[in-house]
Protein chains: 2
Amino acid sequence: MGSLEEAIKQKEFKDPYNKLVVNLLYTHSYLVSAQNKILKPFDLSPEQFNVLRILRGQNGVPTTVSSIQDRMLNKMSNASRLVDKLKIKQLVERRECPADRRQVDIVITDKGLKLLSDCQTYMEGFNNEVVKLSEDEAILMSNLLDKLRG
Amino acid sequence: MGSLEEAIKQKEFKDPYNKLVVNLLYTHSYLVSAQNKILKPFDLSPEQFNVLRILRGQNGVPTTVSSIQDRMLNKMSNASRLVDKLKIKQLVERRECPADRRQVDIVITDKGLKLLSDCQTYMEGFNNEVVKLSEDEAILMSNLLDKLRG
DNA sequence: TGATATTAATTGTATAGACACGTATTAGTT
DNA sequence: AACTAATACGTGTCTATACAATTAATATCA
């Protein structure tokens with residue numbers, strides 16, 4: 001299952017750029033599937049997990065919805081609805097922002113923090129297992145990704 | 001906007017593996033957004049585009065739904081419904097498979113081929129524009145991605 | 001001040017991904 | 001032949017992405 005060609009049964013690509021784009025899309029699917037498997041028992045989607053992580057990073061300081069959106073990996077996502085799902089599960093709280101009543105302050109609850117730390121135990125070794133690269137190769141690839149986006 | 005840290009406003013990562021995974025997710029979103037912009041005028045989603053490409057690669061030989069599924073970048077996707085959308089737009093045809101009546105043969109129509117070749121004109125330079133790497137770097141990264149998945 | 005523009009958040013709608021389940025058809029086995 | 005297993009495809013449901021539109025609150029400025 002190693003090579004991309006084998007995985008998607010395509011013999012050749014127009015050029016290295018085309019192949020790289022396809023490879024990135026395919027590898028993304030590989031990673032997200034693995035993430036899903038880990039988070040499933042916690043009834044969290046990767047996106048919900050990400051939002052909780054962002055909120056925990058605030059150390060109790062309330063964050064607005066748009067600030068969460070800015071920090072999300074997918075800029076076209078919809079933080080408002082994700083927060084909604086998390087609120088229903090009582091993992092976050094909404095508070096009216098007194099300074100600007102258009103904004104809504106979001107804080108992670110104790111239940112949210114607990115769930116996140118439980119997840120962490122399982123997620124700890126996840127990246128190292130799924131990413132079959134050396135540390136140096138991982139660093140090299142991160143740098144290439146930064147360069148790719150310009 | 002270069003570095004990942006800046007883009008998602010996260011100061012540090014647990015280790016290079018964690019950073020790489022996050023970087024891949026973020027870069028994926030960057031690529032898909034760009035793809036969407038190009039395909040929008042043609043009323044095609046990246047996934048529908050991919051299915052049409054797979055079908056064209058068959059050179060007129062009918063393909064079953066499960067065969068399309070196997071070649072898709074996202075293995076958890078739903079080829080059946082994607083084909084349905086393409087059929088509504090008359091870009092593909094379904095034919096009952098005489099050899100095995102469980103299967104459904106899919107063929108791209110002339111209208112589908114025309115649309116795909118129109119797209120191609122715009123997609124031609126896409127990868128090279130969006131991926132700001134040298135050819136050698138693109139090849140290096142493709143190899144690293146193959147290795148990443150093991 | 002009052003009209004206008006901008007911003008924050010939510011909502012609507014279409015498409016797609018994740019995954020379980022149902023149904024028809026074929027393959028395999030005794 | 002009859003029973004069972006496997007396969008191909010479709011459907012249902014929930015979640016998320018993409019993007020336009022709406023609403024309420026604040027900022028800007030003539």
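Chain naming here is simple, since letters A, B, ... match the order of the sequence lines and numbering starts at 1 in each.
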Checking all strands, does A:S29 fall into the base, sugar-phosphate, or nothing category for heavy-atom contacts under 4.0 angstrom? nothing
Mind checking whether B:N23 and A:S142 have side chains closer than 4.5 Å, heavy atoms only? yes
When A:R81 and A:R101 are each assigned the nearest nucleotide of DNA chain D, the 5'-most assignment goes to A:R81
Please report the distance, rounded to the nearest Å, between CE in A:M76 and P in C:dT15. 19 Å
Given D:dG10, C:dA16, D:dA25, which nucleotide is nearest the side-chain atoms of B:K85? C:dA16
For atom OH of A:Y26 and atom P of C:dG17, their distance in whole Å: 15 Å
Residue A:K40, side-chain heavy atoms: nucleotide from C:dC19, C:dG17, C:dT11 that is nearest: C:dC19
Expressed as a whole number of angstroms, how long is the span from B:D100:CG to C:dA24:C1'? 11 Å
Can you sort out the partners of B:D15 under salt bridge (charged side-chain N to carboxylate O under 4.0 Å, His left out), two or more places apart, ordered by chain and number? none
Between B:Q58 and B:G60, is there a donor-acceptor pair closer than 3.5 Å when you use the side chain of the first and the backbone of the second? no
Taking DNA chain D as the partner, which of residues 30-38 of chain A come within under 4.0 angstrom of it by heavy atom? none
Taking only the side-chain heavy atoms of A:N74 (C-beta and beyond), determine which of D:dT26, D:dA18, C:dA16 contains the nearest atom. D:dA18
If you only use heavy atoms from C-beta on, which nucleotide in D:dT7, D:dC9, C:dT15 is closest to the side chain of B:S45? C:dT15
Using a cut-off of less than 4.0 Å, is there contact between a side-chain N or O of A:N78 and OP1 or OP2 of C:dT11? no
Taking CD from A:E47 and C1' from D:dA18, how many angstroms apart are they, rounded to a whole number? 14 Å
Euclidean distance, atom CE of residue A:M72 to atom C1' of D:dT15 [Å, nearest integer]: 12 Å
Less than 4.0 angstrom from a charged side-chain N to a carboxylate O is my criterion; do B:K114 and B:D118 meet it? yes
Which sits closer to the 5' end of DNA chain D, A:S77 or A:A99, going by the nucleotide each is nearest to? A:S77
Out of C:dG17, C:dA18, C:dA8, whichever nucleotide has its closest atom nearest the side chain of B:L82: C:dG17
Ring geometry between B:F42 and B:Y122 (parallel below 30°, tilted from 30 to 60°, perpendicular above 60°): perpendicular
Are A:V92 and A:K85 close enough that some pair of their side-chain heavy atoms sits under 4.5 Å apart? no
Roughly how far apart are B:R149 CZ and A:S29 OG, rounded to 0.5 Å? 10.0 Å
Examine distances only and state if a side-chain atom of B:K19 and a backbone atom of B:K14 form a donor-acceptor pair shorter than 3.5 Å. no
Is A:K75 close enough to D:dA18 that one of its side-chain N or O atoms is under 4.0 Å from OP1 or OP2 there? no
Does a side-chain heavy-atom distance below 4.5 Å link A:L148 with A:L24? yes
Between B:K89 (NZ) and C:dA14 (C1'), how many Å, whole number? 11 Å
Spell out, as yes or no, whether a donor-acceptor pair under 3.5 Å connects the side chain of B:K89 to the backbone of B:L44. no
Check the distance between D:dA16's C1' and B:L25's CG and give it to me in whole angstrom. 14 Å
Contact under 4.0 Å: A:Q69 side-chain N or O vs C:dA8 OP1/OP2: no
Sub-3.5 Å donor-acceptor pair from the side chain of A:T63 to the main-chain atoms of A:I68, do we have one? no
Looking at C:dA9, I'd like to know if its phosphate oxygens (OP1 or OP2) sit under 4.0 Å from a side-chain N or O belonging to A:S66. yes
Tell me: NZ of B:K87 to C1' of C:dT15, nearest whole Å? 20 Å
State, to the nearest 10°, the angle formed by the axis through the first five base pairs of the helix from C:dT1-D:dA30 to C:dT30-D:dA1 and the axis through its last five. 10°
Ignoring backbone atoms, establish whether B:R94 has a side-chain N or O less than 4.0 Å from OP1 or OP2 of D:dG10. yes
